[in-house]
Amino acid sequence: VQLQASGGGLVQAGGSLRLSCAASGSIFSGNAMGWYRRAPGKQRELVATITSDYSTNYVNSVKGRFTISRDNAKNAVYLQMNSLKPEDTAVYYCNAPCRLSPWGQGTQVTVSS
């Protein structure tokens, strides 16, 4: 499995999407997980993290709008995105910030104005 992100799509500004990521156990177990995004013409940025004991952190631009969660039984991490803005348009990826693994294909999120 490695890292497989899904759930992206096209949504109007103000809408919501829920992203899912399935991870291999060797990547997921006991590690913090994060959601990253890369917008056109920009570098990949880390937008949300969750530790193995469920502590979360967010980049300022998504605080109050995005919620990261994880299911340790399923080796899965999720990103609930609400109040989406056009500037959230990007390819979204998941990975373990402290032990980066090969990037998966990511999932495209496009927010129209």
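We count residues from 1, following the sequence as given.
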Exercise for review: Find out if a path of hydrophobic residues (ILVMFWY) with successive side-chain heavy-atom gaps under 4.5 Å connects Leu17 to Val59.
Suggested key: yes

Point to revise | Heavy-atom closest pair, residues Arg99 and Ser26 | key: NH1-O, 2.9 Å

Practice item. Could you tell me whether the side chain of Thr89 and the main chain of Val111 form a donor-acceptor pair under 3.5 Å? Key: yes

Revision key, fill the gap. Taken to the nearest 0.5 Å, the spacing of Asp71 CG from Phe28 CZ works out to 7.0 Å

Review point. How far does CG of Asn57 sit from OG1 of Thr49, to the nearest 0.5 angstrom?
Key: 4.5 Å

Exercise for review: Go through the steps for Arg65 and Asp88 under the test side-chain contact (heavy atoms from CB on, under 4.5 Å), then give the verdict.
Suggested key: CA-CA 11 Å; Arg65 301 189 297 120; Asp88 295 319; 2.7 Å; yes

Exercise for review: Using modelled atom types only, decide if a donor and an acceptor are shared between the side chain of Arg38 and the backbone of Tyr93 within a distance under 3.5 Å.
Suggested key: no

Exercise for review: Examine distances only and state if a side-chain atom of Arg44 and a backbone atom of Val91 form a donor-acceptor pair shorter than 3.5 Å.
Suggested key: no

Check your understanding: Around atom CD of Gln105, are there more than 12 heavy atoms of other residues, nucleotides or ligands at under 6.0 Å?
Key -> no

Practice item. Check the angle between the aromatic planes of Trp103 and Tyr36 and answer parallel, tilted or perpendicular using the 30° and 60° thresholds. Key: perpendicular

Review point. Can you get from Ile27 to Leu46 by hopping between Ile, Leu, Val, Met, Phe, Trp and Tyr side chains that sit under 4.5 Å apart?
Key: no

Study note, to complete from the structure: So OG of Ser113 and NZ of Lys85: to nearest 0.5 Å the spacing works out to 14.0 Å

Point to revise | Inter-residue atom distance Arg37.CZ - Gln43.CD, 0.5 Å rounding | key: 14.0 Å

Practice item. Could you pull out the closest heavy-atom pair between Pro97 and Ala32, with the gap in Å? Key: CD-O, 3.4 Å

Check your understanding: Which atoms form the tightest heavy-atom contact between Pro86 and Ala13, and what is the distance?
Key -> CD-CB, 4.1 Å

Just distance, no hydrogens or angles: give the donor-acceptor pairs under 3.5 Å from side chains in residues 73-81, sequence neighbours left out.
from, atom 1, to, atom 2, distance (Å)
Gln80, NE2, Asn82, OD1, 2.9

Revision key, fill the gap. Applied to residues 81-113, the disulfide (SG to SG under 2.5 Å) test, sequence neighbours excluded, yields Cys21-Cys94

Check your understanding: side-chain contact (heavy atoms from CB on, under 4.5 Å) between Phe66 and Thr56: does it pass, once the steps are laid out?
Key -> CA-CA 11 Å; Phe66 290 10; Thr56 60; over 6 Å; no

Practice item. Scan side-chain atoms only and decide if Gln4 and Ser6 contain a donor-acceptor pair under the 3.5 Å cut-off. Key: no

Check your understanding: Got a second to check how far Asn95's CG is from Asn31's CG, nearest 0.5 Å?
Key -> 10.0 Å

**Study point:** Main-chain N/O of Ile50 paired with Arg70 side-chain donor or acceptor, under 3.5 Å
**Key:** yes

